[in-house]
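Labels below follow one simple rule: chain letters A, B, ... track the order of the sequence lines, proteins then strands, and each chain is numbered from 1.
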Amino acid sequence: MRPDSFASRLLSWYRQHGRHDLPWQHNPTPYRVWISEIMLQQTQVVKVLDYYPRFMARFPTVADLAAASQDEVLQLWAGLGYYTRARNLHRCAQAVMALGGEFPVGSQSEMEALPGIGRSTAAAIRAFSTGQRATILDGNVKRVLTRYAGIEGWPGQKTIEAQLWQLAEDLTPQQDVAAYTQAIMDLGATLCKPRQPACPRCPHQQQCVAYATDQTACLPTPKPKKTRPQKERHFLLLEHQQQWLLERRPDQGIWGGLWSLPEFATSAGLQAWLAERALTGRLEAQPQIEHAFTHYQLIIRPWRLRLGAQSLIDGPVTASSDAPAQIWYDPQQPAALGLPAPIEKLLQAQRAAQQGQLF
DNA sequence: AAGGCGGGGCA
DNA sequence: TGCCCAGCCTT
């Protein structure tokens, strides 16, 4: 191993600062390593330290685990969460017994064929229990490598993940693979943390691209926000003597209790509402506005209708008792009303457009 | 309350 | 094959 390689720097750091006293690091048989890896996938080390000894005491060997009832396995797992994986654990033990009672640690592909064991976990078990050269890529390692090499793009994306696997394999040393594997996981867990990484204590500070380019905070690239569902709503801009009709919204739902434009699910609904009130005139579609909520995106489709001075008495448009409260609103003399920001913006834009027309 | 997580599962 | 989800925990 070259003395200034990624692996040698990492191993030096690990010998001095890594954890060497975890229960599964002693007597690292495939069975003991496997149980720890599955537990650690979903749980922090402190909690695993609580569960692991009890589990191993009850099921000292893979044969004991395979022979147990699923209920008993789940009982010892209770509180760790992700119970699908406890069921896989049980199924996997039985699969190993069907193979003769030994994990097929010599073969990556045979390991991956076992229930609950994928590429990274298979490699971890092989590296820790046999020292064979095998490469892991879990969340910690992804974070270390994206920063170290300055790899941009969401690591869940196929091309990025393939790049990371390639890099991970390239950096895996020929010797000391077990220690190296533990070391890179420890580095990610203790120094190269998601937030506020301890770069001054990192053995790779001089070589780290993210550190050099001040990108540690934005790498790994976060998962793209999934496109929120879109809701289209039609809003009526009913104008009368330079005022607009507002309705008080119900207390429940978005903009509860605020004053807003009459809202409709469809343009047909809007037209029916106008027809019921014998409100006629030219209905003009206005440019749509998009407004993002946390759980969906609202497409505001405004429709403007100018009422002639003679066509309406001053007062509410609807008089029935269960109808929403209504007022005429003059943006030039705004009353102390709560208006949703996008509605306020829409009204201001209308006013600006009208003033523009005057000149 | 939103994102992270290894593998499973479905298209 | 490739994409998305389950289910719990942390920030």
Side-chain angles (χ1 to χ4, degrees), chain A residues 24 30 33-52 55 70 73-96 103-104 107-128 134-147 151 153-165 168-169 181-182 184-198 216-229 254 292-297:
Chain A
W24 45 90
V33 171
W34 168 56
I35 300 295
S36 73
E37 284 301 314
I38 301 298
M39 284 187 176
L40 288 164
Q41 275 174 10
Q42 46 205 1
T43 314
Q44 48 195 20
V45 172
V46 204
K47 198 157 190 189
V48 173
L49 284 173
D50 184 29
Y51 279 76
Y52 184 80
F55 198 93
Q70 182 179 280
V73 178
L74 287 170
Q75 191 188 328
L76 269 136
W77 199 267
L80 277 177
Y82 302 91
Y83 301 97
T84 303
R85 299 181 188 193
R87 285 188 289 274
N88 280 338
L89 207 68
H90 192 218
R91 286 174 54 217
C92 183
Q94 294 174 337
V96 169
F103 280 83
S107 161
Q108 175 76 17
S109 62
E110 285 179 43
M111 288 294 290
E112 286 181 28
L114 294 167
I117 297 181
R119 182 171 175 182
S120 190
T121 303
I125 297 170
R126 297 179 62 227
F128 287 137
T135 298
I136 65 159
L137 186 67
D138 67 1
N140 284 327
V141 177
K142 283 178 180 171
R143 190 168 54 253
V144 170
L145 296 187
T146 52
R147 286 174 176 166
I151 295 173
W154 178 52
Q157 198 184 324
K158 270 288 161 270
T159 56
I160 305 295
E161 195 178 29
Q163 218 179 321
L164 288 168
W165 271 112
E169 283 169 2
T181 303
Q182 188 63 58
I184 195 167
M185 292 168 93
D186 275 18
L187 187 80
T190 63
L191 294 191
C192 198
K193 296 178 293 181
R195 289 168 222 201
Q196 300 179 338
T216 54
C218 60
L219 290 175
T221 303
K223 179 188 175 125
K225 309 278 182 199
K226 62 178 170 191
T227 54
R228 299 175 227 265
I254 67 158
F293 289 97
T294 45
H295 44 306
Y296 63 90
Q297 185 171 32

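Distance CD (A/Glu112) to C1' (B/dG8): 13 Å, rounded to an integer number of Å. Going from atom CG of A/Leu40 over to atom C1' of B/dG7 covers 16 Å, rounded to whole Å. Atom NZ of A/Lys158 is separated from atom P of C/dT1 by 11 Å (rounded to the nearest Å). Separating the CD atom of A/Glu161 from the P atom of B/dG4 is a distance of 14 Å, rounded to the nearest angstrom. A/Arg87 places its CZ atom 13 Å from the P atom of B/dG8, with the value rounded to the nearest Å. A/Met39 places its CE atom 18 Å from the C1' atom of B/dC5, with the value rounded to the nearest Å. A straight line from CG of A/Asn88 to P of B/dC5 spans 20 Å, rounded to a whole angstrom. Atom CD in A/Gln42 sits roughly 12 Å away from atom P in C/dG7 (whole-Å rounding).
Side chain of A/Arg143, nearest nucleotide from B/dG7, C/dC8, B/dC5: B/dC5. Here B/dG4 is the nucleotide among B/dG8, C/dT10, B/dG4 with the atom lying nearest to any side-chain atom of A/Pro222. With C/dT11, B/dG7, C/dC3 as the choices, the nucleotide that has an atom nearest any side-chain atom of A/Arg195 turns out to be C/dT11. Of the candidates B/dG4, B/dG7, C/dC3, B/dG7 carries the atom nearest the A/Gln41 side chain, counting heavy atoms from C-beta on. Residue A/Lys47 places its side chain closer to C/dC9 than to any other of B/dG4, C/dC9, C/dC8. Comparing C/dC3, C/dT11, C/dC8 against the side chain of A/Tyr82 picks out C/dC8 as the nearest. Taking the side chain of A/Gln44 as heavy atoms from C-beta on, and the options C/dT10, C/dC3, B/dG8, the nearest nucleotide is C/dT10. In this structure, of B/dG4, C/dC8, C/dC3, it is C/dC8 that holds the atom nearest to the side chain of A/Tyr83.
Although no hydrogens or angles enter the test, the distance criterion places a donor-acceptor pair under 3.5 Å between the side chain of A/Lys47 and the main chain of A/Gly79.
Looking at heavy-atom distances under 4.0 Å, A/Leu80 makes no contact with the nucleic acid at all. Heavy atoms of A/Pro194 sit nowhere under 4.0 angstrom from any nucleic acid atom.
Within the model, atoms CG of A/Leu40 and CD1 of A/Ile35 stand 11.0 Å from one another, a figure rounded to the nearest 0.5 Å.
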Hey, mind stepping through A/Glu37 and A/Arg126 against salt bridge (charged side-chain N to carboxylate O under 4.0 Å, His left out) and telling me if it holds? CA-CA 11 Å; A/Glu37 284 301 314; A/Arg126 297 179 62 227; over 6 Å; no

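A/Thr121 has a side-chain polar atom (N or O) that falls below the 4.0 Å cut-off from OP1 or OP2 of B/dG7.
Side-chain contact check for A/Glu112 and A/Gln108: at least one donor-acceptor pair (N or O, by modelled atom type) lies under 3.5 Å. Residues A/Arg87 and A/Gln70 have side chains that never bring a donor and an acceptor to within less than 3.5 angstrom of each other.
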